[in-house]
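In what follows, every heavy atom counts, from backbone to side chain, and hydrogens, waters and symmetry copies are set aside.
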Amino acid sequence: MTAKEEILDLLESLPDAPTYADAFDCLRPLYNREVAPIISQYGNPPRPLGHWRRAITGLKEVEEQKQVRTTKSDLVHLMEHLPSNASVPETVDEAMYKLFLSYRIDLGEKQIVEGMGIPHAEVRQRLALLRKEIELPQEQHR
């Protein structure tokens with residue numbers, strides 16, 4: 001059985017409307033078996049969001065994870081696009097990363113609906129102030 005198949009089998013055991021925390025908990029034993037020993041030996045590989053593993057293991061944002069729900073079919077669809085020729089640790093690592101990224105996007109969309117977003121004009125103002133603070137020419141930001 002490939003890692004991708006094992007991940008899909010694990011996700012089948014989830015309820016119909018799981019939270020992302022449920023999905024992380026479901027995949028955590030596979031992650032601990034395949035990825036954690038490599039990380040403990042060699043350290044974390046570089047990632048755009050290097051802190052994502054702490055969030056998955058429950059050290060951060062546990063309450064938020066419990067509030068953001070997804071659908072089982074969305075999780076399965078997300079996992080079906082994993083590379084089939086990757087090694088087991090790479091596949092498990094990528095699955096957890098995709099879950100975390102999907103969780104963060106869903107959380108952001110939920111916050112925007114609740115009015116917690118920042119209007120585009122305000123973002124432009126903040127960027128203009130930041131540009132002045134670090135004194136970068138305007139052309140470098142296009």
Task: Counterpart residues, side chain to side chain contact (heavy atoms under 4.5 Å, CB included), relative to Gln41 (two or more places apart) - done: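 Gln41 satisfies side chain to side chain contact (heavy atoms under 4.5 Å, CB included) with no other residue.
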[X] [atom1] to [Y] [atom2] distance, which is reported to the nearest 0.5 Å:
| X | Y | atom1 | atom2 | result |
| --- | --- | --- | --- | --- |
| Ile7 | Lys98 | CD1 | NZ | 10.0 Å |
| Leu75 | Glu12 | CG | CD | 10.5 Å |
| Asp16 | Ser73 | CG | OG | 9.0 Å |
| Leu14 | Thr19 | CG | OG1 | 8.5 Å |
| Asp22 | Leu27 | CG | CG | 11.0 Å |
| Asp74 | Asp106 | CG | CG | 8.0 Å |

Open item on the list: I'd like to know if Glu109 pairs up with Arg104 as an ion pair, taking the criterion as any Lys NZ or Arg NE/NH1/NH2 lying under 4.0 Å from an Asp or Glu carboxylate oxygen.
Closed with: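 Looking at Arg104 together with Glu109, the answer is no, because their closest N to O distance does not fall below 4.0 Å.
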Open item on the list: Would a single hydrophobic cluster contain both Ile112 and Ile105, if residues Ile, Leu, Val, Met, Phe, Trp and Tyr are joined by side-chain heavy-atom contacts under 4.5 Å?
Closed with: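 Hydrophobic grouping puts Ile105 apart from Ile112.
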TODO: Tell me whether Leu127 is reachable from Ile118 by hopping between hydrophobic residues (I, L, V, M, F, W, Y) whose side-chain heavy atoms are closer than 4.5 Å.
DONE: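 Yes, one cluster joins them.
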TODO: Taking all heavy atoms of Met96 and all of Tyr31, pick out the closest pair and write down the distance.
DONE: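 Closest pair (atom of Met96, atom of Tyr31, distance): CG-CD1, 3.7 Å.
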Task: Shortest non-hydrogen separation from Glu34 to Ile38 and the atoms involved - done: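 Here Glu34 and Ile38 meet closest at O-CD1, 3.5 Å.
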- [ ] Applying side chain to side chain contact (heavy atoms under 4.5 Å, CB included), run through Lys72 and Leu11 and close with a yes or a no.
- [x] CA-CA 7 Å; Lys72 190 159 124 179; Leu11 290 179; 5.6 Å; no
Open item on the list: Is it the case that the side chain of Lys4 and the backbone of Glu80 share a donor-acceptor pair, with hydrogens and angles ignored and the cut-off at 3.5 Å?
Closed with: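 Indeed, once roles are kept as given, a pair shorter than 3.5 Å links the two residues.
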- [ ] Please check if the side chain of Ser102 supplies one atom and the backbone of Leu99 the other of a donor-acceptor pair under 3.5 Å.
- [x]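 Not a single qualifying donor-acceptor pair exists.
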- [ ] Mind telling me whether Tyr103 and Phe100 have parallel, tilted or perpendicular rings, with 30° and 60° as the class edges?
- [x]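 Judged by the thresholds at 30° and 60°, the geometry between Phe100 and Tyr103 is tilted.
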- [ ] Using ring-ring contact (aromatic ring centres under 6.0 Å, His included) as the criterion, list what pairs up with His120, not counting sequence neighbours.
- [x]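 Counting only residues at least two positions away or on another chain, His120 forms no ring-ring contact (aromatic ring centres under 6.0 Å, His included).
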